[in-house]
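Before any comments, here is the structure.
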Amino acid sequence: MKSVVKQERMALSGDEAVAYAVKQSDVDVVAAYPITPQTIIVERFSEYVANGEVQTEYICTESEHSALAACLAASVTGARTFTASASAGLALMHEMLFVTSGCRAPVVMAIANRALSAPLNIHGDHSDSMAQRDSGWIQLYAENAQEVYDSIIQAFRIAEDVDVLLPIMVGLDGFTLSHTLENVDTLPDDAVKQFVGSRKFPNVLTHEGKKAPFKLDPETPMTMGPIALPNYYFEFKRQQEEAMKNALSVIQKVNSEYAKISDRSYGNGLIEPYRLDDAEIAAVCLGSTAGTMKTIVDALREKGVKAGLLRLRTFRPLPIEDLRSALCNVKAVAVMDRCMSFGGHGGPVFHEIRNVLYDADVRPYVVNYIYGLGGRDTSPLELRSIYSDLQRIVAAKRVEKPIQYLGLRE
Amino acid sequence: MKKMLEFRWHGRGGQGAWTASELLARAAIYEGKYIQSFPEFGPERMGAPVTAFTRISTELIRLHCSIYEPDVVAVLDHTLLKTVPVVAGLKEDGIVIVNSADKPEKVKKSLKLEKGQVWTVPATEIALRILGMPIMNTAMLGAAARATSIVALESIEKTVKERFRADVAEKNFAVIKEAFKEAKQE
């Protein structure tokens, strides 16, 4: 039984919180491309390297594609690896994202969530990581700088769990979290080091028939990422899906173990319901918007409105059962997407939530709000209008326009 | 005393509005407060109007949006008074602090402000006198500390010493103290 450790309150931006967490997490290799749309994350970390504060091998690559290739290569030899990117940088990694998850390399990556061009824009929205939804990476989205710090530490434990062995991205809203200074309570170095531990490897059979840990090692040669023709490829993909399902329980376990040392947890690690138990109307959102939404829920509750919020912390793997049981008693749900799926029926989070609720005994009304693209700020007044809309939907017993745009000139 | 104070800083690119916002936030952390400090997110160009924001609270700050109705507005450059709506959204009991050698009453009149409280401080003059350079953000920080009583000078001193090289810190803290003293309320 661990107990809560003494912590230091620091003023850190989300970027700095990531760098500090990585510094404490005993990382062997960091590879990154340091130019825009890169953020302060790797700049700050490179200072730790230059000052001799960490023993990490820092590789400055010529592109994000190469940065992830370097992380993948290091990871399969057994090294703990980290990288960071955003926007066009993440888009350039696209090919390597699949190779990394397919090789079951538990790389940890921070994404300062930003828009994609054109028109040229690197401000906050979720277009970059949502476009990588099907790349086989676990995706967590943080609400504030504190959670960014905590999630990065947790990410190593989640990704490296032998029942998971999948790469993970931790999203922090571009600028709103990445460039904003906030209070962050940090754990002592040794507490983090002990929490993350060292990498563990499942034993596998090599082609020579030897039992060996699953990593590249000249003593026990094996092939990583081999060719797999139609007779095997499909089975590999099914195993990745199984690992994703395993991640659901590992994320919860890590969330509660972390709470024991830090006194902080984020719902059950997958979803964070807020005043949802008796809620009649509720919103679902990701990331920093949830904080503002909580203040709105509080104000509405004071007026007797049964409003609630569900923050989806883990988008991949999608916590299907948790979402359904948390939302099935609500009369109307507003799903917020900071991203567009052009030509589709609403945004990617809407697709999931509506899909999940299809199997509910009584289906709530579901409406989608696309908001905040390209860094557009959404005011509390605009966010509050979502709940007024939900009240009208409940009264009218129908959803007139399922896809809405919030704070848009039309 | 309010639970949370929201500050909006107006300056021009290069004048250090964000640094002022950041120093105030860091000083408040020394007093056990919760803080947020962020710039107006956009390309910063030297001389162009910019804004920065600070939130200081006795409780965890959950808001993650811009500040629409500030409690305090600090204007680093008086030429902005004519071009930027600096008092937009200011709360009824809000405070406006302007870098100006004029009396607060005169500035209040020029802002056509009926509500709120105006302070002035000759920040540029103080900066030129002590730093020998027209860098007025730390002077404005001193005036903000005086007008709001949100942080003690000792906390600002600690922050400035942590943030800057010893000689730079010493001069800037002298500026802060002087501005704290010279700031005038209507």
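Protein chains get the first letters and strands the later ones, always in sequence-line order, with residue 1 at the start of each. Treat the numbers as computed from the prediction; the structure is a model and nothing was measured.
Counting all heavy atoms, side chain and backbone alike, Met10(A) lies closest to Ile29(B) at O-CD1, 3.8 Å.
Within the 4.5 Å cutoff, the side chain of Leu181(A) has no heavy atoms near those of the Gln36(B) side chain. The closest side-chain heavy-atom distance from Pro380(A) to Cys65(B) is below 4.5 Å. With contacts defined as side-chain heavy-atom distances shorter than 4.5 Å, the pair Arg62(B)/Asp298(A) qualifies. Counting only heavy atoms from C-beta outward, the side chains of Tyr68(B) and Asp377(A) approach each other to under 4.5 Å. Side-chain contact between Tyr34(B) and Arg9(A): present, with at least one pair of heavy atoms (C-beta onward) separated by less than 4.5 Å.
For the atom pair CZ of Arg55(B) and OG1 of Thr180(A), the computed distance is 9.0 Å after rounding to the nearest 0.5 Å. Within the model, atoms CG of Leu60(B) and CD of Glu182(A) stand 8.5 Å from one another, a figure rounded to the nearest 0.5 Å.
For the set Asn183(A), Leu381(A), Ile296(A), Thr292(A), the count of heavy-atom pairs under 4.5 angstrom toward chain B peaks at Asn183(A). Ranked by non-hydrogen atom pairs under 4.5 Å with chain B, the options Ser379(A), Gly124(A), Gly375(A) are led by Ser379(A).
Around CD of Glu170(B), the count of heavy atoms belonging to other residues, nucleotides or ligands within 6.0 Å does not exceed 12. Annotation: Lys115(B), atom NZ; neighbour count of heavy atoms from other residues, nucleotides and ligands within 6.0 Å is above 12. Applying the 6.0 Å contact sphere to CG of Asp167(B) captures more than 12 heavy atoms from other residues, nucleotides or ligands. Within a 6.0 Å sphere centred on NZ of Lys161(B), heavy atoms belonging to other residues, nucleotides or ligands number 12 at most.
Only the backbone of Thr378(A) comes within contact range of chain B, with heavy atoms under 4.5 Å apart.
Checking each of Thr295(A), Thr289(A), Leu177(A) against His64(B) for a side chain to side chain contact (heavy atoms under 4.5 Å, CB included) leaves exactly one that passes, namely Leu177(A).
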